[in-house]
Structure formats: C-alpha cells, structure tokens
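First up is the structure itself, then whatever we jot down about it.
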Amino acid sequence: MARHTLAIGAIFKDEAPYLAEWIAFHARMGVERFFLYDNESRDDWRAAIDASGQAGRVTALSCPGSAGQVRAYRDCIVRFRGEADWIAFIDCDEFLFAPDGTSLPAVLEEYRDHPAVGVNWVVFGTGGHEQRPAGLVTRNYWRRGRTDVVVPYPAYLRRPGLDPARLDSYRPMNSHVKSIVRPALTLHPLTPHHFAYAGGARAVDEEGRPFDGPWSPGIGLTRLRLNHYWSKSFAELAAKTARGRAWIGPPASLESNRAVERLMNAESDTTIFPFARHLPGWRPLFPEAA
Amino acid sequence: MLALAAAAVVRAGDPRLDPWLGFHRRVGVERFFLYATGGGAVPEAADITAVAWPFERPHRPAWDHCLFHHGAGAAWLAFLATDEFLFATDGEDLRMALAAFGRTPAVGVGRLLYGPQGRPGPLLRHAVRRASSDIVLALPAMLRSPGLDAERHESYRPLATRVAFVVQPARTHACRGRYDFAFRDEELAMTEEGRPVVAGWSERAGFERLRVNQYLGGGAESLRTRFADAVPAHDPAPSDDWAPFQSEIDTAVWPVAGVRAAP
C-alpha cells in the first residue's frame, strides 16, 4: 500500500447520516486515507462511505464492544504505522481544517520535528434546531460557544481539590485537544485526546509549545482548528446522551447536557463555510446567486 | 451600470486605505467614491473617484452627495469606513450575494468589532481577535430607550447591531445620519434575516450570510477616542481597556481575503 502524508483514524457507531459529508470534507482538506473502525453500527454505513465519493480511500475495520475508542486507536497505530506520516485521531462530529485554507499536509510539514500536534477545537450548539435539519452539518450549525468557555465537567478541573463551584477551577473547554500524531514516533493512546511518544518526546500546540496531557497551554485557532459539532440538534443531543460518553467521567444527564448546550450558541462562526460550500448537498447562502 | 460601488470618507495617508481597497475589489466592488478630508491626496486608480471634502462633519453630506451624483450609476452602493470590511461569509462575490436581497431597498449588515491587532504587519492577518457579538458600551447613546436601567447590560444595544448599509440608490431617498438612511415609499432596510432596520439599528445581528469586520484601535486610537461621537462630553467615557474587544478568535475573513496565517 502506498505511503500517505495524512490519514484519519476514527471509530464510529450509527453515524451513517454524517459519514459522507465528513469524509468528503476531509478529502478536500488533504486527507489521503481513512482508517475507520465500526463499533457495531446498525445503519448502512457502507452506503454512506460510497456516497462520499472517496470509498477508495477508506479502510474499514470492525471494533466491537464497549469503550472501543482507545482500543481502535491503539490498533490503528500498530496496524498502520508504516502507511502514513501523520494520523489525525478525531471523531465523526469533528471537522479538521486550516483556517487559511492551506492543505493539512502542508501545514503539518511545519511540525515535522515533533511527534504530534495538539489541535484545539471550538464547540458548536444546536443553533435552535429541535430536529435534525436536512442538509450538511457544516452548513446547518454556525453558533458556537465562546473561545474561553468553561464547562464544569469534573474531568476539566485543573487539579484535584480545587473548589468545584468556581469556574476558574476548570480548564477552558477549548484548550482540550485532539491529536495529529506521527505514528512512527507514537507508542500508544493514553486517552482519545493524547498519546505516549517514543523517548519521552512531547506533543506541541499550534504555536510549537510542548505540553503533556490532553490540554494545551493556551487556545490557538489560527493554524489548525477542529469544529466540534457536539450537540447537533436537540433530538440528536438526546440520542447522544442516551448512548453515554466514552471516557470523560460518568454519563451526563440530558438535563446537564442541555445546560451545557445553552453555552454553545453564544457566537456566530462561519469560518468553515468557504471550505465546505463546494461539498455535494451544500445549501447555498444566496440561492439567487447559485 | 455598476453592480456594486462603495463610498467612504477617507483621510490622506490612512494606512488602512490600500488594504481596504484591495479587499473590496476582491469581493466584487467595482468602483470607489472616496471623500477626502484633510486636504491630502488619495490613491489614484481607474476605479476610484476622489472628491475633496472639507466638511467638519463629513459623513452625512458625503453620503447625500454620493447618492445624488453617483447613485444612478450603481445598482448597489455600500457606505463604509476604511476600518470596515464587508463580505459574504462563504466567500461569494458580493455582486452575486446581493441579488438575494433585491426586494429590499437596502441591507443592514451587522458588524463584528476587532480590537487592536497587537503586532505590526498586515491588518487582516494579525487582527484575529474580536469582541463577542453581544458586547455593549454603557453609554447613554447606546441605551435601547431613554429611562432604562443604566446598570443593566440588557438596557443597551449591542454594538454589533448598529448596521452598515448597502443600499439600492434607486430606492434610497436620502441620508439621515452617518448610520441611517431614508428610503422611498417609506420602505425600511432589512437585515439578512429579513428584520427591519430602524434608525440605523437592527434588533438582532445575524452574521450567517453577510458581515462587516470592523477593526478598531488603529494607530494610537483609544477606546475613548473611537467612541467619542457617541458620548456627550458630560457623560462618563468608557475605559480605555481594549481587552473586551479581543475575547474571540475569529479568522473567518482569511479565506475571503486570501490571507495566509503567519507561520
């Protein structure tokens, strides 16, 4: 198999409605290969991959059972170590891109001396959609939380023992990273967000600052960013809540997730529009001009 | 007939003028009507009409002059300042985008306000931090109506809802102020969401389709100086701290402007 500059490693479960857009978008951004692990999906995800027009770039594998994310990532590192210079480990509700439109492989070239880059995300809310709207995720959701939004998840406490009632006890939600790793220098995942690297090497943030753990020293969104469509519609948030969450503490209630969601519509963010507008199914902003 | 022109009051030597012109050419503005205050020269180009404009309060007479003398030659006319950058959020050419608003005499476009860029270099590359879209200034002129509780955030109009106007000159009667126009047949300008614009303000800012990035704090400009026009002399001036204007990272203009991130 040919060696690729950039691949994505991801696990999915019943995400067929979103896969075609997600794959097609990342192919446009320069992702050459997709290592996708199916976690007991009951929908027609194969048809969705075909609909992306990029099926030839997809390697589909099976990863049944609970808490499969870290297992899938571990397998991906071992199995595909020699097949890509970089692997981005992200979810199917996350869209990775360079905000200036530079292709992702070209941006990553700047970080070739490091084992990984931690990419910050911004988290999008429902935008008021009760039910899943027709069309693309990247078009339908354009309200997000503030850059420095704080959500009082226990896992976000800066350290044990801090007053959980104080917002400044928590790390900003958007300082949480997802990792784009060089598999040749990567040992294994520690969480879905961060990895262990050979020789004790450290990941860097987009500004080249080394850091440990799944939180970057600051929030940078100018070289790389991840749009995290966390809730999508209220109906989809309810379904997601019912599924539970992978690792970040005990399962959240729908009530608490709706409280979090209220924070995720504070700002307009259309940064992705110029990149996504060429995807099949994009609903034009200016129909008369289309 | 021009599809889209822009008018601005400019000062000779304003370092923002060249990037402002270049940006708006890129997004579809075909001609610029520049009202030059201060007596200096403005750039010469085939698509620039410069008018010497020695008025102390220049905007309203400039806008009226532009409507009267040049309005008949343009389907749409945008009234901007050289720190205001108008664009379609998906990068669409504005001439195409405005076709979606043909039924309204004018579009009122919400503004997002960027604080000082913090380091020298190209404005659009380095100014990446803006205010939240609900930022208010606790100034009497910003109250939603007289008599509201001046201590409450909700009593003030967000700055983002003071719109920039892109008008159809054929349906525009006159300028009523720097940020206000009157239209024929008592029509109202509308926001991109179809909400009416009253006296230069919209009830809510949109930003899904059109927006204006306004870059504050150029040179030695202070917050107090920038908003002096909104503050009667006897009223308390706002703090000079620009920090609230830098809370959000927002690079949406980059792909529209062809800006590359600084490595």
Side-chain angles (χ1 to χ4, degrees), chain A residues 29 97-103 106-107 109-111 120-122 127-128 136 138-149 172 174-175 206-208 218-225 227 265-279 282-290, chain B residues 3 27-28 87-103 107 110-112 122 124-135 158 160 192-193 204-211 213 243-244 246-263:
Chain A
M29 296 299 103
F97 62 105
D100 67 355
T102 303
S103 77
V107 176
E109 178 63 17
E110 298 171 22
Y111 301 96
N120 292 122
W121 62 23
V122 286
L136 304 184
T138 48
R139 173 68 181 86
N140 288 327
Y141 301 99
W142 51 275
R143 303 286 302 183
R144 65 161 169 82
R146 295 208 159 124
T147 300
D148 61 355
V149 66
N174 295 339
S175 67
E206 70 164 30
E207 295 181 23
I219 299 169
L221 301 168
T222 59
R223 302 297 293 131
L224 294 162
R225 68 179 265 172
N227 277 14
N265 298 283
E267 291 296 326
S268 302
D269 191 324
T270 56
T271 309
I272 204 169
F273 279 11
F275 311 117
R277 66 177 292 199
H278 303 293
L279 295 174
W282 177 262
R283 177 169 49 90
L285 294 179
F286 308 100
E288 292 83 350
Chain B
V27 297
F87 61 101
T89 57
D90 64 351
E92 180 64 89
D93 186 302
L94 285 174
R95 292 167 292 189
M96 303 292 285
L98 288 166
F101 301 98
R103 292 180 181 175
V107 187
R111 69 186 66 230
L112 291 168
L124 298 185
R125 174 188 288 181
H126 293 313
V128 299
R129 287 188 168 270
R130 64 166 171 83
S132 64
S133 55
D134 65 351
I135 193 170
E192 65 172 34
E193 298 170 313
R204 198 174 77 180
F207 308 118
E208 182 186 13
R209 299 201 280 172
L210 295 170
R211 66 187 261 184
N213 279 8
Q246 296 170 321
S247 64
E248 293 302 314
I249 299 174
D250 186 334
T251 59
V253 76
W254 280 5
V256 181
V259 166
R260 292 296 187 203

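Chain identifiers are assigned alphabetically (A, B, ...) following the order of the sequence lines, protein sequences preceding nucleic acid strands; residue numbering begins at 1 within each chain. Keep in mind that this is a model prediction, so the values were computed, not measured.
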Interatomic spacing from CD1 in B:I249 to CD1 in A:I219 - rounded to 0.5 Å: 6.5 Å
Parallel, tilted or perpendicular: rings of A:F286 and B:F101 (30°, 60°): perpendicular
A:R146 vs A:N174, side-chain contact (heavy atoms from CB on, under 4.5 Å): CA-CA, chis, key distance, verdict: CA-CA 9 Å; A:R146 295 208 159 124; A:N174 295 339; over 6 Å; no
Side chain / backbone / both / neither for B:S247 at chain A, heavy atoms under 4.5 Å: backbone
Side chain, backbone, both or neither of A:A98 within contact of chain B (heavy atoms, under 4.5 Å): neither
A:R139 to A:W282 six-membered ring, cation-pi geometry met (6.0 Å, 45°): yes
B:E248: side chain to side chain donor-acceptor pair (under 3.5 Å) partners, not counting sequence neighbours: A:R144, A:T147
Residue A:R277 versus chain B: region with a heavy atom under 4.5 Å: side chain
Interface residue of largest heavy-atom contact number with chain A, from B:G91, B:G102, B:S132, under 4.5 Å: B:S132
Interface residue of largest heavy-atom contact number with chain B, from A:E110, A:E206, A:R223, under 4.5 Å: A:R223
